[in-house]
There are 2 protein chains.
Amino acid sequence: MTSRPADSPGHEPPIRARLIEAAARLLAEQGPGALTTRRLAAEVGTSTMVVYTHFGGKQQLLTAVAREGFTRLAAHLAEVAPTDDPVIDLGNLALAYRANALANPHLYAVMFSALTGGREPSANAEIPEARRSFDAIVAATRRAIESGRFRPADPTLVATQLWSALHGFVMLELAGRFVPSMHADPEHVFTTLLVTMALGLAEDPTSITRPSGPEGSG
Amino acid sequence: MTSRPADSPGHEPPIRARLIEAAARLLAEQGPGALTTRRLAAEVGTSTMVVYTHFGGKQQLLTAVAREGFTRLAAHLAEVAPTDDPVIDLGNLALAYRANALANPHLYAVMFSALTGGREPSANAEIPEARRSFDAIVAATRRAIESGRFRPADPTLVATQLWSALHGFVMLELAGRFVPSMHADPEHVFTTLLVTMALGLAEDPTSITRPSGPEGSG
DNA sequence: CATCCTGCCATAACAGCGCTATGCATGCTT
DNA sequence: AAGCATGCATAGCGCTGTTATGGCAGGATG
């Protein structure tokens, strides 16, 4: 069973994919504390050695899981159907981004946890799959700029700003920092944050549609 | 040496404070991997039992360290001298926030890591010290709104938006996700993000000063 | 003053963790 | 058919967080 794609029948995925899938499932269902090499080996019916022969260690396995997470995120973002309004498209991308994070919070945490281990300066910074997700935001931003809805600017720079705001909100929400006694409900914060960003980037602020509420940012 | 505040001379801080300080130092100097109960006990010259008699476990100790981190953050934010321009004050608060995070990245990560452990729904959401830092942003936001520089809105809601953007940028920067080949330099992203937020919240966009560059968001 | 009692800490141990060395079995190559 | 390379199971190492146990000090009580 070296490099053959099948074990018993003919439709069994390779061990690497099964490990990543089982790791993502353990992460999603029981949290990061349950993602151990022993439990993972038991899940796929092998020993802990497979983690080291196929990935080199637990950290590299987590990197592979993060790549899988970015692939799923890019797939979800790709499902957002473009409209004729690029600003609406950006809003829909933001909604899909948040929905994907809420659906798999632990996976999202792994995707963006870099300095948790310790020493490496930019260990998991080179995740090529992350670029596909980011490119979706850049493309929508470029359309918003080129159509004249957003002021002239570098689309990548604007997309990075949007990504920062998006990521910050999602992280705070996942961390449970939006306590009802202290903050507004997350849904409202998210909507108004998107409106604020759109207003700050718009060429003509009056073109930004205020969703439902009588006030834009309050 | 039960509850007496001194051991040998008369100016020794209590064990709890020494543990928190040593934990914060280990975290800052050698990363989270070095923060073990044994190393911590060796650092303060006792055994691992003190962690359990005084905190109940490592998780509660980390919560205490996070509280200390928020206290330091609030102290740094309190050092920001108010000017006659509340928008400038918000920018200075943002600069101080980022500087504090960059000066102690691992401590910042502990302050905002909630779902790292596993199961508790809102475990460390009740950190009263965090409110003091947040209140500084709320107060400056309220001044910006009441002075007419920002549009009328709920100051807490606006401050939560600013906090999200701030936190998101800082997290991405600390995680090393701003790779030079893919994004602009972090300094520039941060500045333009602040301008974008200010423009989106301003009553009169022309009142927002663009720092140095010929373009506001690009 | 003697005694008890309460709280704190050092020691030792336990289960579990990531990881590695070793040996065996398998499939490909020659 | 013999040799070789590869991948996995086993067993073990050092380390982790945590707990049970025992001793020792200081304050309360007679």
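Only a predicted model underlies this, so the values are computations on that prediction, with no experimental measurement involved. When reading the values below, keep in mind they use all heavy atoms of this one structure, side chains included, and skip hydrogens, waters and symmetry mates. Throughout, protein chains are lettered first and strands after them, A, B, ... in sequence-line order, and every chain is numbered starting at 1.
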Rounded to the Å, how far apart are [X] [atom1] and [N] [atom2]?
X	N	atom1	atom2	answer
A:Leu40	D:dA9	CG	P	12 Å
A:Gln30	C:dG16	CD	P	15 Å
A:His54	C:dT20	NE2	C1'	17 Å

Please list, for nucleotides 17-21 of chain D, all pairs of protein and nucleotide N/O atoms separated by less than 3.5 Å.
unit_1: D:dG17; atom_1: OP1; unit_2: B:Lys58; atom_2: NZ; d: 2.9
unit_1: D:dG17; atom_1: OP2; unit_2: B:Thr37; atom_2: N; d: 2.8
unit_1: D:dG17; atom_1: OP2; unit_2: B:Thr37; atom_2: OG1; d: 2.8
unit_1: D:dG17; atom_1: N7; unit_2: B:Arg38; atom_2: NH1; d: 2.8
unit_1: D:dG17; atom_1: O6; unit_2: B:Arg38; atom_2: NH2; d: 3.0
unit_1: D:dT18; atom_1: OP2; unit_2: B:Tyr52; atom_2: OH; d: 3.0
unit_1: D:dT18; atom_1: OP2; unit_2: B:Lys58; atom_2: N; d: 2.9
unit_1: D:dT18; atom_1: O5'; unit_2: B:Tyr52; atom_2: OH; d: 3.4

### Query
Would you say C:dC9 has OP1 or OP2 under 4.0 Å from some side-chain N or O of B:Thr53?
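Affirmative; the distance criterion is met.
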
### Query
Closer than 4.0 Å, any side-chain N/O of B:Arg39 to the OP1 or OP2 of D:dT16?
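So the side-chain polar atoms of B:Arg39 do come within 4.0 Å of the phosphate oxygens OP1 or OP2 of D:dT16, strictly under.
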
### Query
Nearest 0.5 Å, what's the CG-CG distance between A:Leu166 and A:Leu194?
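Between atom CG of A:Leu166 and atom CG of A:Leu194 there are 7.0 Å.
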
Looking at residues at least two apart in the chain, or sitting in another chain, which of them share a side chain to side chain contact (heavy atoms under 4.5 Å, CB included) with [X]?
X	value
B:Tyr52	B:Thr37
A:Thr156	A:Phe134, A:Val138, A:Asp154, A:Thr160
B:Ala74	B:Arg132, B:Ser133

Indicate every side-chain donor-acceptor pair of residues 91-102 of chain A with a distance under 3.5 Å to a residue at least two apart or in another chain.
unit_1: A:Tyr97; atom_1: OH; unit_2: A:Tyr108; atom_2: OH; d: 2.6
unit_1: A:Tyr97; atom_1: OH; unit_2: A:Trp163; atom_2: NE1; d: 3.3
unit_1: A:Arg98; atom_1: NE; unit_2: A:Glu173; atom_2: OE1; d: 3.0
unit_1: A:Arg98; atom_1: NH1; unit_2: A:Glu187; atom_2: OE2; d: 3.0
unit_1: A:Arg98; atom_1: NH2; unit_2: A:Glu173; atom_2: OE2; d: 2.7
unit_1: A:Asn100; atom_1: OD1; unit_2: A:His76; atom_2: ND1; d: 2.9

### Query
Among all residues two or more places apart in sequence or in another chain, which pass the salt bridge (Lys or Arg N to Asp or Glu O under 4.0 Å) test with B:Arg25?
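Partners of B:Arg25 under the salt bridge (Lys or Arg N to Asp or Glu O under 4.0 Å) test: B:Glu21, B:Glu43.
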
### Query
What nucleic acid atoms does B:Thr46 come within less than 4.0 Å of, heavy atoms only: base, sugar-phosphate, or nothing?
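Sugar-phosphate contact only - B:Thr46 comes under 4.0 Å of backbone atoms but never of a base.
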
